[in-house]
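Below is one structure, written out as structure tokens; the observations come after it.
Note on naming: letters A, B, ... go to the chains in the order of the sequence lines (proteins, then strands), and numbering restarts at 1 for each one. This one's a predicted model, so the numbers in the text were calculated from it and none came from an experiment.
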Number of protein chains: 2
Amino acid sequence: MKQSDKYAEILKKGDLRATKQRYAILEVLDCNGAPVSAEDLYIQLKRKGIPISLSTVYRILDAFQEKGIVVRSNFPDVSKAVYELFCEEHHHHLLCVDCRRVFPVEGCPLEDYERLIEERLNFTVKGHNLEVYGHCKDCKKKT
Amino acid sequence: MKQSDKYAEILKKGDLRATKQRYAILEVLDCNGAPVSAEDLYIQLKRKGIPISLSTVYRILDAFQEKGIVVRSNFPDVSKAVYELFCEEHHHHLLCVDCRRVFPVEGCPLEDYERLIEERLNFTVKGHNLEVYGHCKDCKKKT
DNA sequence: TTCTTAATGAGAATGATTCGCATTTGCATT
DNA sequence: AATGCAAATGCGAATCATTCTCATTAAGAA
């Protein structure tokens, strides 16, 4: 199966029309790995020669997030939201406070904690947000 | 010791002048328990008859955060930042997606996880952000 | 009481995001 | 392939949270 077929399927499943702009956003997110801001995405798309406007980037990301195609996050002390493709394997992020890069970490330590919350506080847990921040191995060296 | 003495001490320790506005913000945060946005804080202060402007609220919260007196957080899908008094006991928050209330939970399940990250990924952990969201016990009933 | 400097108020400026509306484009149906 | 219509896009204006500027006020040391 070609990449473009994969994207077409994602869009069809989400009941979204297949447009050049949507394909291009899926492709960039797919290649990018780490979360990107709407503006970065816009710049990358322009650089690739894709005709698109910033508001369309926002609109597409919104639609994607509604359909569960992407996940939006807000990192502390960063004023813009970032987006990445939804990933089956639940994972979290390490943020380097020096170089501002984002590293994925697979796995999640919260199952027991959430069970405890459900039992002790009678709260139905639907999800969580977790980011860990600090100094990545490259930035550690430099100091 | 009176409450106002407590606030005076906090300000002195932070090397900040004691002003009516700063006392008032400390008092509201102290009574409020849960995190509040700058605007909510401003509204509450006005309601109490405190003369203050919104920019001052932001400035004071900024200064407080710099001194470690308050903690600022960004909850997902909420565009404004929220602030609460720094609390010695490390804790996290439960967000009810229905009533939007915030509940504190003491304790933290991340020690082992962070140790693992430090070892496996050679990343120096400085802190983390964790919020759990779902339906609180009151909203659960209503449905 | 005076002086210096930090803090405040009011509103303008900024930056991220959303909205409104005219135009274009997928795509289901002839 | 041509048609029609709803969905998607582009552009700029609008909005929202937050920060900045600068003139005025008030803490607190001397």
Measure [atom1]/[X] against [atom2]/[N] and give the value in whole Å, please.
X	N	atom1	atom2	value
B:K80	D:dT15	NZ	P	16 Å
A:L54	D:dA14	CG	C1'	15 Å
B:I52	C:dA7	CD1	C1'	11 Å
B:K67	C:dA6	NZ	P	12 Å
B:N74	C:dT17	CG	P	11 Å
B:Y42	D:dT18	OH	C1'	15 Å
A:D62	D:dA8	CG	C1'	14 Å
B:I43	D:dA17	CD1	P	10 Å

Between the side-chain atoms of [X] and the base atoms of [N], is any donor-acceptor pair under 3.5 Å?
X	N	value
B:S55	C:dA10	yes
B:R17	C:dT5	yes
A:R59	D:dG10	yes

Considering only side-chain heavy atoms of [X], which listed nucleotide, [options], is closest?
X	options	result
A:S53	D:dA8, D:dC11, C:dT18	D:dC11
A:P51	D:dT9, C:dT18, D:dG10	D:dG10
A:Q21	C:dA7, D:dG10, C:dA10	D:dG10
B:A81	D:dT19, D:dT18, D:dT9	D:dT18
B:T19	D:dG10, C:dT8, D:dA8	C:dT8

Between B:I50 and B:V28, does a side-chain contact (heavy atoms from CB on, under 4.5 Å) hold up when you go through it step by step? CA-CA 11 Å; B:I50 308 291; B:V28 172; over 6 Å; no
If the plane angle is over 60° it's perpendicular, under 30° parallel, otherwise tilted; pick one for A:H128 and A:H90. perpendicular
Where each residue is assigned the nucleotide of DNA chain C containing its nearest heavy atom, which of B:L16 and B:K46 is assigned the position nearer the 5′ end? B:L16
Residue pairs meeting side chain to side chain donor-acceptor pair (under 3.5 Å), one or both in residues 19-28 of chain A, sequence neighbours left out, come to A:E27-A:K48
Would you call B:R115 and B:D112 a salt bridge, using N to O less than 4.0 angstrom? yes
Phosphate OP1/OP2 of D:dT18 contacted by B:Y58 side-chain N/O (<4.0 Å): yes
Does OP1 or OP2 of C:dT8 have a side-chain N or O of B:T56 closer than 4.0 Å? no
At under 4.0 Å between heavy atoms, what does A:A18 touch on the DNA or RNA strands: base, sugar-phosphate, or nothing? sugar-phosphate
How about A:E118: does its CD atom have over 12 heavy atoms from other parts shown lying under 6.0 Å from it? yes
Same hydrophobic cluster for B:I117 and A:V102, using side-chain heavy-atom links shorter than 4.5 Å among ILVMFWY? no
Between B:S79 and B:K20, who's closer to the 5' end of DNA chain D by nearest nucleotide? B:S79
